[in-house]
2 protein chains.
Amino acid sequence: MGRRGEHSKAEIEAMALEAAESIIENEGYPGLSARKVASAIGYTVGSLYFVFKNLDELVQRVNGRTLDQLYTTLTEAMVDCRVPQTCLLALGSAYLDYATRHVHRWRMVFEHQPQSEGLPLEIHQDKMYRLFSLVEDQLQVLATRRSREEITVAASALWSGVHGIAIMAITRHLRSEDEQSVRNLTEHLISHYLDGLSVQESDAQTGAEEAGIFNANVIPSHSQ
Amino acid sequence: MGRRGEHSKAEIEAMALEAAESIIENEGYPGLSARKVASAIGYTVGSLYFVFKNLDELVQRVNGRTLDQLYTTLTEAMVDCRVPQTCLLALGSAYLDYATRHVHRWRMVFEHQPQSEGLPLEIHQDKMYRLFSLVEDQLQVLATRRSREEITVAASALWSGVHGIAIMAITRHLRSEDEQSVRNLTEHLISHYLDGLSVQESDAQTGAEEAGIFNANVIPSHSQ
DNA sequence: CTGTAAATATAACTATGTTTAATTTGTGAC
DNA sequence: GTCACAAATTAAACATAGTTATATTTACAG
């Protein structure tokens, strides 16, 4: 049947992306197939290739949406914090939450390797940089006398570290498997790293009682 | 052609694993196929299923060997260091080296998700714990007054962090792409984290001039 | 009303993992 | 020695995958 006109090309695209996200969320990337997506939106497989160049492109699009959603989640997680230390902890916590709640979609962002080297690189890098810059903004406030480059490096190191914990936890490579101890791990890394940073930054503490809470969490946070 | 007797079951197994490793190393996991492995060792696909239950099992076996090889590499990287700080930096550097040199095999350890939940969990966890304990040993020397549990937490956090940097670097999600700046990132994370740890450990510095080198690297290591 | 191009489906092609059914061949019994 | 049986190996078959090519339907232009 030809041009039904029921859905525009953009609509089909959106429907396909949503269906794919749902499949991936439930069954992981290995559960994704072109025919499954097509039938989920009431079309046959050929129509998918009318909208996407190939499955790789669909996956890249899903990854892009995941990164957007992640960015929104992270910014929303920071509305309540006032001191950079607390904000960074909130960021870490929210990141862990997102990774835990959307394991498969989150993993796919980092694990999918397109077979035909195409467009994905630049798009993803920008969206990833945007995430890192959330961390940079906080670090800049915290370590005022550091240069832009130093802040960039610090944000890369710290955030990659949080990312690593999330991966280790989700792939079950850590000894402690419960959610709480993983959360404590993240707090532990962030706070110790910041303590290390402030060794050279004498006047890092500008916030009032929140910073106190932060420092109190440094050690005993994981002792239970 | 029946029992040729040219190779024992164990020999075929070893040959298949080596062939698979080579394919993965060159083309990545997506390039791996049962028929490709079989033909690489001069057999047909059916014979693979005489030795392995399925492809998942083969992959798990490869992953196990990768973890063993990684463990050996890391222990060898520590023969020249005397002070825990230097040893930890050597560990981080060696880990990054291995990940960079064997990208696909290294990624597969963390990225492959078996479709039929089978045996892999326990084996991998043990081998992973062994890696973490290399870090624990160093931290134990460095922070003598910390409890075993605290050391475990610290090692998990720090090593997951290094792992995260390696992943971010390899998946091209970091701004700085050259090998040197990634290496600096790792040094940066390790040294700042250790500085943070020693905030509560007054007498952490026991080594002589090596510790000096270590501290000197804290800041300017990434400034170039 | 008719033709044309777009939208969609159907079918085909190749490659994959896995299973089943041959087939070959070493080896022990007699 | 040769005969049978079991083990080792191949060949074939099946289901499903991504992708491409072809057919078919339908909206719209004239």
Side-chain angles (χ1 to χ4, degrees), chain A residues 1-17 19-20 23-24 26-63 104 108 112-120, chain B residues 1-17 19-20 23-24 26-63 108 111-120:
Chain A
M1 301 88 191
R3 175 198 288 169
R4 286 210 307 254
E6 296 182 13
H7 305 105
S8 74
K9 204 165 163 178
E11 280 172 335
I12 296 179
E13 201 175 295
M15 289 162 57
L17 288 175
I23 293 172
I24 291 163
N26 293 328
E27 315 171 38
Y29 173 68
L32 186 73
S33 87
R35 288 173 173 82
K36 216 182 277 183
V37 171
S39 90
I41 64 174
Y43 281 81
T44 58
V45 63
S47 301
L48 265 196
Y49 288 82
F50 179 67
V51 175
F52 301 100
K53 182 186 158 205
N54 53 27
L55 260 205
D56 267 355
E57 185 180 313
L58 195 164
V59 167
Q60 298 292 341
R61 295 289 303 278
V62 169
N63 282 346
H104 293 118
M108 204 177 67
H112 179 256
Q113 37 207 53
Q115 53 196 62
S116 52
E117 301 281 345
L119 53 156
Chain B
M1 302 86 194
R3 176 198 288 169
R4 287 210 306 253
E6 296 182 12
H7 305 105
S8 73
K9 204 165 164 177
E11 280 172 335
I12 296 179
E13 201 173 295
M15 290 162 58
L17 288 175
I23 292 172
I24 291 162
N26 292 329
E27 316 171 36
Y29 173 68
L32 185 73
S33 87
R35 287 173 174 83
K36 217 182 275 183
V37 172
S39 90
I41 64 175
Y43 282 81
T44 57
V45 63
S47 302
L48 265 194
Y49 288 82
F50 181 66
V51 176
F52 301 100
K53 182 187 159 205
N54 52 29
L55 259 204
D56 267 355
E57 185 180 312
L58 195 166
V59 168
Q60 298 294 339
R61 296 288 305 277
V62 170
N63 283 346
M108 204 177 67
E111 295 180 359
H112 177 255
Q113 37 206 58
Q115 54 195 60
S116 51
E117 301 281 345
L119 52 155

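Both backbone and side-chain heavy atoms feed into the values below; hydrogens, waters and symmetry mates do not. Order of the sequence lines fixes the chain letters, A, B, ..., with proteins taken first and strands second; residue numbering starts at 1 for each chain.
Comparing Val45(B) and Lys9(B), the nucleotide of DNA chain D nearest to each residue sits closer to the 5' end for Lys9(B). With DNA chain C read from its 5' end, the first of the two nearest nucleotides for Ile12(A) and Arg35(B) is the one closest to Ile12(A).
Here the closest non-hydrogen pair linking Pro30(A) and Gln113(B) is CD-NE2, 3.6 Å. Residues His7(A) and Tyr43(A) come closest through the heavy atom pair ND1-OH, 3.1 Å. Shortest non-hydrogen contact noted between Val59(A) and Leu32(A) is CG2-CD2, 4.0 Å. Closest approach of Ala16(A) to Val37(A), counting heavy atoms only: O-CG1, 3.8 Å.
Taking atom NZ on Lys36(A) and atom C1' on dT19(D), their separation rounds to 18 Å, with Å as the unit. We find that CZ of Phe52(A) is positioned 14 Å from P of dT8(C), with the value rounded to whole Å. Rounding to whole angstrom units, CG of residue Leu58(B) and P of dT16(C) are separated by 15 Å. Distance, Leu32(B) CG to dA15(C) C1': 14 Å, rounded to whole Å. Going from atom OH of Tyr49(A) over to atom P of dT19(D) covers 4 Å, rounded to whole Å. Between the OH atom of Tyr43(B) and the C1' atom of dT10(D) there is a distance of 12 Å, rounded to whole Å. Taking atom CZ on Phe50(A) and atom P on dT10(C), their separation rounds to 17 Å, with Å as the unit. The separation between Ile41(B) atom CD1 and dT10(D) atom P is 9 Å, rounded to whole Å.
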| His112(A) vs Asp56(A), side chain to side chain contact (heavy atoms under 4.5 Å, CB included): CA-CA, chis, key distance, verdict | CA-CA 9 Å; His112(A) 179 256; Asp56(A) 267 355; 3.1 Å; yes

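Ranking dT19(D), dT9(D), dT10(C) by closeness to the Thr44(A) side chain, first place goes to dT10(C).
Residue Ser33(B) places none of its side-chain N or O atoms closer than 4.0 Å to OP1 or OP2 of dA15(C).
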| Which nucleotides of DNA chain D pair, in dot-bracket form (Watson-Crick or G-U under 3.5 Å, | meaning another strand) | ||||||||||||||||||||||||||||||

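Contact of the Val62(A) side chain with the Tyr29(A) side chain is not registered, since no non-hydrogen atoms from C-beta on lie closer than 4.5 Å.
Rounding to the nearest 0.5 angstrom, the gap separating the OH atom in Tyr49(B) from the CG atom in Leu55(B) is 4.5 Å.
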